[in-house]
Amino acid sequence: MSLPHLLADRLDQSFRFTSPGAAHGWVDMARRLAAGTPVPASDLTAETLDLCRRTSSTQWDGETVTGSIITTQPTDHQITHPGGQAWTWCIFDAMLAGLILPGPVHITTTCATTGQPLWLTINSGLITGQPDTTWVSLPSEFTADGDLRAEFCCRARMWTSPTDRDDVAWLRPDDAMHTVAVTAVLLGMIDATELPTAA
């Protein structure tokens with residue numbers, strides 16, 4: 001199974017993005033969260049509300065969603081874009097934000113080993129700026145009924161150099177961005193015609 005298919009299958013197990021209407025409803029909600037605006041449950045479609053309630057990783061404040069992949073609560077992965085500022089739980093989520101938000105989207109994070117600050121700039125789904133020595137790890141295997149945040153988010157990180165761990169795929173940022181984009185297509189978040197291509 002290809003890496004995008006593996007990642008899409010795992011995300012769909014938790015979120016059911018491929019259910020009719022779920023992915024597009026989530027993208028609409030995520031754009032509001034990315035602007036720093038919590039989203040009342042009453043504003044969500046039935047499909048999106050079901051998606052949010054079915055996964056334990058959704059962040060709530062009463063009956064208001066404050067986070068679902070993109071969050072209004074600070075984490076180690078910050079995204080800044082023309083419409084505001086928000087955070088994500090991992091570099092995969094941050095790159096996904098670079099696909100669905102108007103650019104440029106600037107991502108700041110830290111190397112998971114050294115703590116060194118790292119960054120990416122994404123515009124129209126393509127990386128337009130990055131440090132020269134940057135690697136991205138994406139999970140390459142999952143266990144049955146494993147915790148999504150532990151198995152996905154904790155392994156989707158940026159690094160100054162690869163390590164010897166073998167439960168991830170080591171990718172350069174451009175290749176990781178392509179993997180995220182294909183995964184988003186498989187989940188119905190973007191259309192195949194929207195896959196970014198270099199000029």
CZ of R54 to CG of L49: how many Å apart, nearest 0.5 Å? 11.0 Å
Residues H81 and A35: closest non-hydrogen pair is NE2-N, 4.2 Å
On a heavy-atom basis, the closest approach of D12 and L187 is CB-CD2, 4.0 Å
Does either side chain, that of T66 or that of D61, offer a donor lying less than 3.5 Å from an acceptor on the other one? no
Apply the test side chain to side chain contact (heavy atoms under 4.5 Å, CB included) to residues T113 and T163: give CA-CA distance (whole Å), side-chain angles for both, the deciding distance (0.1 Å), then the verdict. CA-CA 9 Å; T113 299; T163 72; 3.9 Å; yes
Please answer whether the main-chain N or O of G115 pairs with a side-chain N or O of T110 as donor and acceptor at a distance below 3.5 Å. no
Is it true that a side-chain atom of R31 and a backbone atom of I100 form a donor plus acceptor pair closer than 3.5 Å? yes
By side chain to side chain donor-acceptor pair (under 3.5 Å), H178 pairs with (sequence neighbours left out) none
Does T58 form a side chain to side chain donor-acceptor pair (under 3.5 Å) with T55? I'd like the steps, not just the answer. CA-CA 6 Å; T58 302; T55 175; 4.9 Å; no
Between W26 and F15, does the ring centroid distance fall short of 6.0 Å? no
Kindly say whether D175 contributes a backbone atom to a donor-acceptor pair with the side chain of T179 at under 3.5 angstrom? yes
To the nearest 0.5 Å, tell me how far L7 CG sits from F142 CZ. 5.5 Å
Taking T75's backbone N and O only, do any of them form a donor-acceptor pair with W89's side chain (distance below 3.5 Å, no angle check)? no
Contact between M29 and L44 at the side-chain level, heavy atoms closer than 4.5 Å - yes or no? yes
Do any N or O atoms from the side chain of Q73 and from the backbone of G67 form a donor-acceptor pair under 3.5 angstrom? no
Taking the side chain from R16 and the backbone from E47, do they hold a donor-acceptor pair closer than 3.5 Å? no
Is there a side-chain contact between E151 and T143, using heavy atoms and a 4.5 Å cut-off? yes
Take T133 and S161 through the side chain to side chain contact (heavy atoms under 4.5 Å, CB included) test and state the conclusion after the steps. CA-CA 7 Å; T133 56; S161 61; over 6 Å; no
Give a yes or no on whether the backbone of T48 and the side-chain of T45 come within a donor-acceptor separation of less than 3.5 Å. yes
As an exercise, state the distance from CD1 of I107 to OG1 of T121, rounded to the nearest 0.5 Å. 8.0 Å
With rounding to the nearest 0.5 Å, note down the distance linking CZ in F92 to CZ in F152. 4.5 Å
Quick one: do H77 and T109 satisfy side chain to side chain donor-acceptor pair (under 3.5 Å)? Show the steps, please. CA-CA 5 Å; H77 316 281; T109 185; 2.8 Å; yes
Hey, could you give me the CE/SG distance between M95 and C90, rounded to the nearest 0.5 Å? 10.5 Å
Approximate separation, where rounding is to 0.5 Å, of T80 OG1 and Q78 CD: 4.0 Å
Minimum heavy-atom distance I70-A86, with the two atoms named: CG2-CB, 3.9 Å
Heavy-atom closest pair (P38 atom, T64 atom, distance to 0.1 Å) is CB-CG2, 3.4 Å
Show your working on side chain to side chain donor-acceptor pair (under 3.5 Å) between Q59 and T71 and close with a plain yes or no. CA-CA 8 Å; Q59 297 168 295; T71 177; 2.6 Å; yes
Report the C-alpha distance between H106 and I79 in whole Å, list the side-chain angles of each, state the deciding distance to 0.1 Å, and finish with yes or no for side chain to side chain contact (heavy atoms under 4.5 Å, CB included). CA-CA 6 Å; H106 189 67; I79 55 172; over 6 Å; no
Audit row: Q130, D174, side chain to side chain contact (heavy atoms under 4.5 Å, CB included) steps and yes/no: CA-CA 10 Å; Q130 62 179 302; D174 286 335; 4.1 Å; yes
Taking all atoms of both residues into account, what is the closest heavy-atom pair of P139 and L6, and its distance? O-CD2, 4.1 Å
Are the side chain of N123 and the backbone N or O of T128 linked by a donor-acceptor pair below 3.5 Å? no
Keeping the roles fixed (side chain from S140, backbone from D167), state whether a donor-acceptor pair exists under 3.5 Å. yes
Close side-chain approach of L120 and M158, heavy atoms under 4.5 Å: yes
Verify the distance criterion only: is there a donor paired with an acceptor across the side chains of T134 and W159 at less than 3.5 Å? no
What one should report as the nearest heavy-atom pair of R10 and D147 is NH2-C, 4.0 Å
Does R165 qualify as a cation-pi partner of W170, given the criterion of NZ or CZ under 6.0 Å from the six-membered ring centre and within 45 degrees of its axis? no
